[in-house]
Amino acid sequence: QKEVEQNSGPLSVPEGAIASLNCTYSDRGSQSFFWYRQYSGKSPELIMSIYSNGDKEDGRFTAQLNKASQYVSLLIRDSQPSDSATYLCAVNRNFNKFYFGSGTKLNVKP
Amino acid sequence: GAVVSQHPSWVICKSGTSVKIECRSLDFQATTMFWYRQFPKQSLMLMATSNEGSKATYEQGVEKDKFLINHASLTLSTLTVTSAHPEDSSFYICSALRASGTSTTDTQYFGPGTRLTVL
């Protein structure tokens, strides 16, 4: 079982819709959770971090964490073509041991 | 945010030569930096964890004598690919760990990456 699992996609949504990206993790002791965006040929860029159960909103992005279900999600409202990228979920277990998912490719169609 | 730079952004070298890549945290100190490699359309692969003032920790399967890592200061880590061969051609990305006071909320910030092509 992988430490962090994501659907590879591609996930296609029309412009203006809500994109929902999901991630599950295997270690209940995981402490912090991150979403990164990676455009083709570029390095990952931090979008959001979340540490507590519930929702965390930042502009058009909302991260959701459910530790009981070992589930993290990222919602992107009013999706734009510029949001088309691969989204990486990352988990910090303990003592800065990070695990990355393989990423979900998002296509936002104009 | 936090800024991490890498230099060079791309490099082309001949087989058998060595290449050094620098990773700098520009606006914070980083006791820990990470080095990743990514092949086209593949996932990030962690190569090693670099700790300031101590030896790097390499992931299984990564040759420490081929990929030399030095973390001499709190803002600089270097990766040297020794005796590079065409199969070492890849996108090398570093990240720096920005400490928050508790290790559970420390955050990785990535450099822009270095594209290495070995002829």
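By convention in this document, chain letters (A, B, ...) are assigned in the order of the sequence lines, proteins followed by strands, and residues within each chain are numbered from 1. Atoms considered below: every heavy atom in the structure, side chains included; atoms not considered: hydrogens, waters and symmetry mates.
Interface check for chain A: of the options B:S43, B:P40, B:A2, the most heavy-atom pairs under 4.5 Å are formed by B:S43. Between chain B and the residues A:A90, A:S40, A:P44, A:S102, the most heavy-atom pairs under 4.5 angstrom are made by A:P44.
The cationic atom of A:R37 (NZ for Lys, CZ for Arg) does not lie both less than 6.0 Å from the six-membered ring centre of A:Y87 and within 45° of the ring axis.
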>> The test is side-chain contact (heavy atoms from CB on, under 4.5 Å); show your working for B:S95 and B:V4 and say whether it passes.
In response: CA-CA 7 Å; B:S95 70; B:V4 178; over 6 Å; no

>> Under the criterion side-chain contact (heavy atoms from CB on, under 4.5 Å), I'd like the reasoning laid out for B:M45 against A:F100: C-alpha separation, chi angles, the key distance, then a yes or no.
In response: CA-CA 9 Å; B:M45 188 195 83; A:F100 282 80; over 6 Å; no

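For the side chain to side chain donor-acceptor pair (under 3.5 Å) with B:K66, the lone residue among B:D88, B:T82, B:T80 that qualifies is B:D88.
Looking at A:T24 and A:Q70, their side chains never bring a donor and an acceptor atom within 3.5 Å of each other.
Neither the backbone nor the side chain of A:F33 comes within less than 4.5 Å of any heavy atom in chain B. No part of B:Q6 comes within reach of chain A, as not one of its non-hydrogen atoms sits under 4.5 angstrom from that chain. Of the two parts of A:Q38, only the side chain, counted from C-beta on, holds a non-hydrogen atom closer than 4.5 Å to a non-hydrogen atom of chain B.
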